[in-house]
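Only this structure's heavy atoms are used, side chains among them; waters, hydrogens and symmetry mates stay out. By convention in this document, chain letters (A, B, ...) are assigned in the order of the sequence lines, proteins followed by strands, and residues within each chain are numbered from 1.
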2 protein chains.
Amino acid sequence: MARQPPTKPRKNASQERSRATVDALVEATARILVRDGFEKASTNRIAEVAGVSVGSLYQYFPSKEALVAAVIERHNEEIMGNVRAALAEVADLPLDKAVRKLVTVAIEAHRINPKLHRVLAEQIPRTGQLKDVEAFNREVHTLVRTYLESRRKEMRKVDLDVATFICVSAIEAVAHNTVLNGAEMLSEKMVKVLVDETTRLVVGYLR
Amino acid sequence: MARQPPTKPRKNASQERSRATVDALVEATARILVRDGFEKASTNRIAEVAGVSVGSLYQYFPSKEALVAAVIERHNEEIMGNVRAALAEVADLPLDKAVRKLVTVAIEAHRINPKLHRVLAEQIPRTGQLKDVEAFNREVHTLVRTYLESRRKEMRKVDLDVATFICVSAIEAVAHNTVLNGAEMLSEKMVKVLVDETTRLVVGYLR
DNA sequence: AGGAAAAGCGAGCTAATGCTCGCATTATAT
DNA sequence: ATATAATGCGAGCATTAGCTCGCTTTTCCT
């Protein structure tokens, strides 16, 4: 088994200047990942694009993996923010309204930065971020499950965990494939159709 | 180094020998990808594991990517074989029976070699195999669409392409996530439940 | 002001990778 | 038997990656 390189910063940026440096590095990493892929994202290149020296890079990130991990974390946090907000907003709504909102949010979340999403999805296994992403998935699962539990009267009899798994998988997949099959080619009309259909799929399944 | 003169007729030894070499290389690549990941799959290592020299490797594969591409193709062909067979077998069956079969095949396909499946999915973008995989997806889409078309009477009014997209995405996602969330931990009972539920999801949606 | 701590620098080291090329071995054909 | 082609070899080249370390510059604090 190959050992994972460390992903924690070796130094904590305390001053304003250094925080800017860290930001620039993460941002540069994301940009290069999107534009040229993981292979071309060398530490030298990242530092160059960030307008920083390699030496400084290694003051804050012990390895290249740590940089990618930081990008993943930032992106995940952004998405989770949306998901949490949506589920809070939807807590008292009936099934059909709630599912529609969730589907919409899922597609929107994927549309934030499709290419980055794709590259990151590919890189997760090799950054030792699996744990974090699993935690992320578990949180989504828990949130959805909690909502479904509160709406059980509207649903047929069904194992909640299984139902949650099926629904989350289905919604996520449609969002994922929708965005990856021509992100820009997506007319608003098409998005509406897909939201309608996916909502029907899930709601029909639940009740 | 005088060799024994060939007294016995030998078959197309030359062709077979090189074929064996090619096979060994592809097989070794797959094994290393599964065991150690893409990073550790250097051409020298692949040649070594295959019991062949790097020089020979480069006689048959112009680059490392070509090797991975060959593995991808082999794996895809295996899966497509199953999918084609399933859809042929199912052509005259009603919706519920057909969908159930498809879901089962999807899960089985992912269970053939989950780890390889995962690694390959990650490596597709960097091997220039995107085209082939898209072709693969298109074929699945076409096959499913054709089946659905023949069963339209059992279905509600719905855009066939959209319905196909939704169904294929959902089925694929459940299979994918099922296998990736603890492939061995999967009891037969659990698989049955998931097949039941996914079938219900899809059939309920279509009619 | 002035010294200490934080932040930043970048030439260059080490290790590894993809790949080449001249030569050796094995098979086929005459 | 000999020539020719096919197959196989593997040391080593060129390149690039990740990363270190001794040093300078900037900021903070009294």
Side-chain angles (χ1 to χ4, degrees), chain A residues 2-29 32-33 36-71 123 126-128, chain B residues 1-26 28-29 32-33 36-71 123 126-128:
Chain A
R3 233 199 44 194
Q4 307 272 7
T7 51
K8 289 186 178 169
R10 58 178 53 169
K11 213 186 244 186
N12 276 346
S14 57
Q15 300 180 4
E16 184 61 33
R17 188 168 56 135
S18 54
R19 257 177 269 128
T21 299
V22 170
D23 265 14
L25 284 167
V26 176
E27 182 57 33
T29 306
I32 294 178
L33 283 178
D36 311 295
F38 185 83
E39 332 271 25
K40 300 288 179 181
S42 69
T43 49
N44 289 311
R45 185 105 182 285
I46 291 170
E48 190 189 4
V49 170
V52 154
S53 80
V54 231
S56 297
L57 185 157
Y58 278 95
Q59 298 230 319
Y60 303 106
F61 298 93
S63 71
K64 179 183 164 180
E65 321 286 330
L67 269 162
V68 178
V71 175
Q123 296 313 326
R126 79 187 70 184
T127 53
Chain B
M1 215 98 27
R3 285 279 96 215
Q4 299 170 351
T7 46
K8 293 174 187 174
R10 291 186 188 179
K11 292 199 172 180
N12 297 351
S14 68
Q15 287 188 9
E16 266 191 42
R17 190 166 59 136
S18 50
R19 274 227 135 155
T21 300
V22 170
D23 265 13
L25 285 167
V26 175
T29 306
I32 295 177
L33 284 178
D36 311 294
F38 185 83
E39 333 271 23
K40 300 287 179 182
S42 69
T43 50
N44 287 313
R45 184 106 181 285
I46 290 170
E48 190 188 8
V49 170
V52 153
S53 80
V54 230
S56 298
L57 186 157
Y58 279 96
Q59 296 232 313
Y60 302 105
F61 298 93
S63 72
K64 177 183 167 181
E65 305 206 334
L67 268 163
V68 179
V71 176
Q123 296 313 326
R126 80 187 70 185
T127 54

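The side chain to side chain donor-acceptor pair (under 3.5 Å) search around B:T21 returns none, not counting sequence neighbours. Looking at residues two or more places apart in sequence or on another chain, you find no side chain to side chain donor-acceptor pair (under 3.5 Å) involving B:T43.
One finds no side-chain N or O of B:Y58 lying less than 4.0 angstrom from the OP1 or OP2 phosphate oxygen of D:dG10. Proximity of B:S63 to the phosphate of C:dG18: no side-chain N or O atom is located under 4.0 Å from OP1 or OP2.
Within the structure, the salt bridge (charged side-chain N to carboxylate O under 4.0 Å, His left out) test picks out the following pairs touching residues 41-64 of chain B (sequence neighbours left out): B:D36-B:R45.
Taking atom CD1 of residue A:I32 and atom P of nucleotide D:dA17, one finds them 11 Å apart after rounding to whole Å. The OH atom of B:Y60 sits 16 Å away from the P atom of C:dT20 (whole-angstrom rounding). Atoms CD (A:Q15) and P (C:dA7) sit 4 Å apart, rounded to a whole Å. The interatomic distance linking A:L67 (CG) with D:dA17 (P) rounds to 15 Å, in whole Å. Atoms CD (B:E16) and C1' (D:dA6) sit 15 Å apart, rounded to a whole Å. Distance, A:E48 CD to C:dG8 C1': 16 Å, rounded to whole Å. Nucleotide C:dT17 holds its P atom 16 Å from the CD atom of B:E65, rounded to whole Å. B:L57 places its CG atom 12 Å from the C1' atom of D:dC9, with the value rounded to the nearest Å.
The backbone N or O of A:L25 sits less than 3.5 Å from a side-chain atom of A:T29, completing a donor-acceptor pair.
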With the criterion being N/O to N/O and under 3.5 Å, what pairs connect the protein with nucleotides 9-12 of chain C, and how long is each?
{"from": "C:dC9", "atom 1": "OP2", "to": "A:S53", "atom 2": "N", "distance (Å)": "3.0"}
{"from": "C:dC9", "atom 1": "OP2", "to": "A:S56", "atom 2": "OG", "distance (Å)": "3.4"}
{"from": "C:dG10", "atom 1": "N7", "to": "A:S53", "atom 2": "OG", "distance (Å)": "3.4"}
{"from": "C:dG10", "atom 1": "N7", "to": "A:G55", "atom 2": "N", "distance (Å)": "3.3"}
{"from": "C:dG10", "atom 1": "O6", "to": "A:G55", "atom 2": "N", "distance (Å)": "3.3"}

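In this structure, the side chains of A:L67 and A:L57 come closer than 4.5 Å at one or more pairs of heavy atoms. Proximity of A:F61 to A:V26: side-chain heavy atoms (C-beta onward) are separated by under 4.5 Å at one or more points.
Among all heavy-atom pairs drawn from A:I46 and A:A41, the shortest one is CD1-O, 4.0 Å. The two residues A:S53 and A:A47 come nearest to each other via the heavy atoms C-CB, 3.8 Å. Among all heavy-atom pairs drawn from A:I32 and A:K40, the shortest one is CG2-O, 4.0 Å.
Contacts between residues 36-43 of chain A and DNA chain D, counted as heavy-atom distances below 4.0 Å, involve A:A41, A:S42, A:T43.
Base pairing in DNA chain C yields stems of at least 3 consecutive Watson-Crick or G-U pairs, both distances under 3.5 Å, namely C:1-30 with D:1-30.
Residue contacts for B:F61: at a heavy-atom cut-off of 4.0 Å it reaches no nucleic acid atom on any strand shown.
Atom CG of residue A:D23 and atom OH of residue A:Y60 lie 12.0 Å apart, to the nearest 0.5 angstrom. Distance check: A:E39 CD to A:L33 CG gives 10.5 Å after rounding to the nearest 0.5 Å.
Mapping A:R17 and B:P62 onto DNA chain C by nearest heavy atom places A:R17 at the nucleotide closer to the 5' end.
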